[in-house]
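Report on one structure; see the data block that follows.
Please read these numbers as outputs of a predicted model, since none were measured by experiment. Just so we're on the same page: letters track the sequence lines, and every chain starts at 1.
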Amino acid sequence: MVPDPKRCNSCKDSASSRDSPEWTRPSAFPDEVLDRVLSLMESHKDRSSVSLVCKDWYNAERWSRSHVFIGNCYSVSPEIVARRFPNIRSVTLKGKPRFSDFNLVPQNWGADICAWLAVFAAAYPFLEELRLKRMAVSDESLEFIATSFPCFKSLSLLSCDGFSTDGLKSIASHCKNLTELDLQENVMDDLGGGWLSCFSENFVTLEVLNFASLNTDVSFDALEALVTRCKSLRVLKVNKNITLEQLQRLLVRAPQLVELGTGSFQQDLMPRVYAELESAFNNCKNLHTLSGLWEANFLYLPVLYVASASLTFLNLSYACLTSSELANLVAHCPSLRRLWFAVIIVSKTEVLDTVEDKGLEAVGSSCPLLEELRVFPADPFDQDIVHGVTESGFVAVSRGCRRLHYVLYFCRQMSNAAVATIVQNCPDFTHFRLCIMNPGQPDYLTNEPMDEAFGAVVKTCTKLQRLAVSGLLTDLTFEYIGKYAKNLETLSVAFAGSSDLGMQCVLGGCTKLRKLEIRDCPFGNAALLSGLEKYESMRSLWMSACNVTMNGCRLLAKEMPRLNVEVMKDDESDDSQADKTGSGHQYKIPVMTELTCTQILKIASLETARK
Amino acid sequence: MSMPLEELNYIGLSEIPAMENSEKLASKGLNLKATELRLGLPGSESPERDNGLGVLKGFTSGAKRGFSDTINGDSGKWVFTGNGGSEVDLGKNGALFSPRSVNGSGSECTSLKEVVPLSPKAVHEKKPQISAVNGHGVAPAAKAQVVGWPPIRSFRKNSMAVNPPKSDEDAKLGSGCLYVKVSMDGAPYLRKVDLKTYSSYMELSSALEKMFSCFTIGQCGAHGVPLRDGMSESRLMDLLHGSEYVLTYEDKDDDWMLVGDVPWEMFTVSCKRMRIMKSSDAIGL
């Protein structure tokens with residue numbers, strides 16, 4: 001971008017600007033001011049905007065940036081990142097498409113961290129933080145991190161795969177300044193082996209420890225000692241092998257905890273121990289977040305009541321409480337802002353099941369400050385069990401919790417009228433993810449498509465950023481989305497739509513769209529190609545089991561050479577996990593440019609029905 | 001630094017190693033169907049493959065499906081919702097695009113045949129509203145299980161599956177069920193039974209026989225013994241009462257026990273899941 005000397009006060013490289021008659025004011029924007037302002041800017045989106053103003057601002061921004069966020073690891077090469085940003089201390093990297101969480105991406109697809117690490121070791125020897133999501137991370141990579149970055153402080157692995165507890169041993173052994181080790185929902189080999197014991201006895205800096213998703217035991221003595229000496233520990237999430245009695249001992253050592261993930265919440269406790277546990281919770285005055293609670297025995301939930309008044313985030317998704325247990329618990333949590341839970345089925349004899357909704361009704365009446373609700377189905381793959389929450393639970397919450405803006409809701413039945421009521425009660429939704437679990441299911445009251453439901457959502461919720469649709473949907477839904485959802489950034493679609501028009505409406509109307517993921521919809525080449533101009537401003541597009549053909553992809557790749565278009569073809573073998581390097585047709589055509597990011601479109605031709 | 005902007009042949013012949021299939025394609029220009037992007041909805045038939053795998057093979061790869069309901073009569077075609085003879089069957093008329101030449105040009109795109117747009121109603125006219133009073137032990141009007149649906153992270157799915165069914169009656173007012181999983185060696189999917197609906201081992205045993213009789217057809221077939229339908233049940237009973245299968249269960253201490261040793265009530269309280277085991281595996285019980 002060529003700077004205009006008349007407009008840009010800070011450009012010093014054209015000396016003539018100062019002699020220009022229009023240039024009457026002295027420079028009002030010295031470097032020091034700009035640097036100071038930039039140092040206060042955290043948001044990478046803001047920084048990206050700043051960098052586009054002019055060349056000087058671009059340079060000032062790139063030198064001052066300490067954290068880089070890369071939403072799609074194939075959109076840019078590590079070398080380019082290193083060249084542009086010389087002073088990075090913290091990196092967030094996301095890899096695989098989100099649908100890999102649901103086994104729609106073949107094994108060994110990519111998103112390996114190791115190429116990045118090699119570049120970072122050279123360019124950022126003082127790197128402190130790595131936050132990885134859906135990346136492939138090996139034990140060798142973990143060891144490389146542990147040994148290459150002497151200032152390394154913070155490691156967060158979310159939905160990653162490819163490593164084992166051996167890799168964790170490296171981290172624990174070598175990272176003397178570690179403040180955070182956060183492991184969530186990774187696919188890893190849990191070999192036990194006492195990785196936690198590898199923290200040295202002099203190690204005291206830990207602030208965040210989350211190993212809730214590991215299956216094997218850690219040495220409790222080592223854990224207790226670690227918790228004792230790390231006085232700054234504020235987040236502790238243990239795995240389900242830690243018993244209630246052990247939990248009590250930990251809490252006594254760390255009353256300063258802000259976030260706690262318990263272990264198994266089921267044990268035969270002597271009354272004395274029960275009282276001690278309650279007392280320990282009572283001493284945790286700063287506790288805001290509670291999770292874990294595996295196999296929670298309702299008899300012991302009351303120990304939480306003393307601490308629950310200040311809870312703002314309660315994650316019960318592994319607790320499998322009944323509705324009445326949930327109701328009792330939330331009655332003690334008036335400050336709750338975020339609630340996640342899983343519905344457990346109690347009775348199979350009721351046809352119209354409202355038992356589970358009772359829990360949600362209690363939430364509606366007890367938690368007026370609620371902003372986020374996630375309801376997961378317990379045992380969703382059991383075909384015999386058909387009950388779960390219905391629309392009335394959701395409506396009940398919307399009536400009581402007017403500040404609700406984030407919802408993820410799995411249900412078995414829904415109606416257009418209910419959704420319309422819900423968004424009328426809560427017009428501030430930014431994230432609306434509704435999953436009617438039977439694909440293509442219509443409004444259960446009227447048997448009509450659910451078009452009007454999502455129409456109501458997009459018309460009423462003007463701040464909507466993320467939408468996931470489900471149920472029986474025609475192109476009308478997508479016409480609504482394209483017309484009204486002007487702030488929409490992420491859209492997930494499955495088993496919906498009637499023709500190319502649907503996708504065309506979305507691509508044409510949603511100006512801020514960044515991520516579009518589609519599976520099992522009748523959108524074909526015309527739809528795909530209608531978005532040619534759009535894709536460069538998006539992070540990614542996923543299409544699987546749609547009507548797109550190889551020719552369509554070929555044309556797309558040809559028309560938009562800066563896009564990374566990838567077609568994944570699955571083998572016809574039973575074993576979908578088999579190594580495909582020989583016969584898999586994976587074509588990655590990386591094309592990098594300097595200042596702009598390229599995007600990846602993944603057109604997966606996986607035959608999902610076959611698995 | 002940036003890679004040369006060459007327009008790569010989409011098959012990527014030049015750079016990428018180990019693409020013997022693609023080379024075969026380019027040189028022979030044949031068998032483009034093998035690399036066709038597949039159509040639409042699950043349940044549609046795939047084009048013939050080189051390796052001669054039958055259509056059915058792909059389907060029996062471990063996915064849970066309501067077995068007999070999803071086979072559409074004699075054609076052997078799998079359909080999505082399991083309604084016999086539903087018009088979802090895309091099969092060969094659903095395919096997909098015009099035959100391509102290897103040097104397919106852009107203009108071909110416009111002539112690519114769009115798939116017959118499925119009116120969703122056709123797919124779901126028999127909405128599987130499962131009534132709860134289904135009767136135990138009977139597969140519901142089958143919902144074929146689709147990969148990656150519902151969209152729940154594998155981790156969460158596995159964690160929840162591990163949670164043993166709560167059998168603490170005190171905790172649940174009016175709770176009347178005790179579902180446990182039943183697996184059978186060699187069967188492609190598991191079943192669940194509600195132990196509360198039986199009052200004795202005999203009832204449980206005969207219910208399991210009915211449930212799993214269909215799988216032994218395959219077993220017998222594998223041994224070369226031809227079966228007619230009427231024979232299946234008695235054949236299963238022979239198998240169960242004979243020495244070929246043993247019914248075992250996993251108790252609360254994670255031990256595998258032989259069914260029948262303890263009183264029925266005690267069994268229902270301590271049983272977490274069951275397994276119909278081949279006798280040859282049941283050493284040590």
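In this structure, W149(B) contributes its side chain and M437(A) its backbone to a donor-acceptor pair below 3.5 Å. No donor-acceptor pair under 3.5 Å is formed between the side chain of R153(B) and the backbone N or O of S159(A).
For the side chain to side chain contact (heavy atoms under 4.5 Å, CB included) test with P151(B), the passing option among C435(A), S492(A), S470(A) is C435(A); the others fail.
Taking the side chain to side chain donor-acceptor pair (under 3.5 Å) definition, one finds that D254(B) meets it with K272(B), sequence neighbours left out. Under the side chain to side chain donor-acceptor pair (under 3.5 Å) criterion, Q184(A) pairs with D182(A), sequence neighbours left out.
Rounded to the nearest 0.5 Å, atoms CD1 (I152(B)) and CZ (F102(A)) are 8.5 Å apart.
The two atoms that bring F410(A) and P150(B) nearest to each other are CE2-CB, 4.1 Å, heavy atoms only. The two residues L104(A) and V147(B) make their nearest non-hydrogen contact at CD2-CG1, 3.7 Å.
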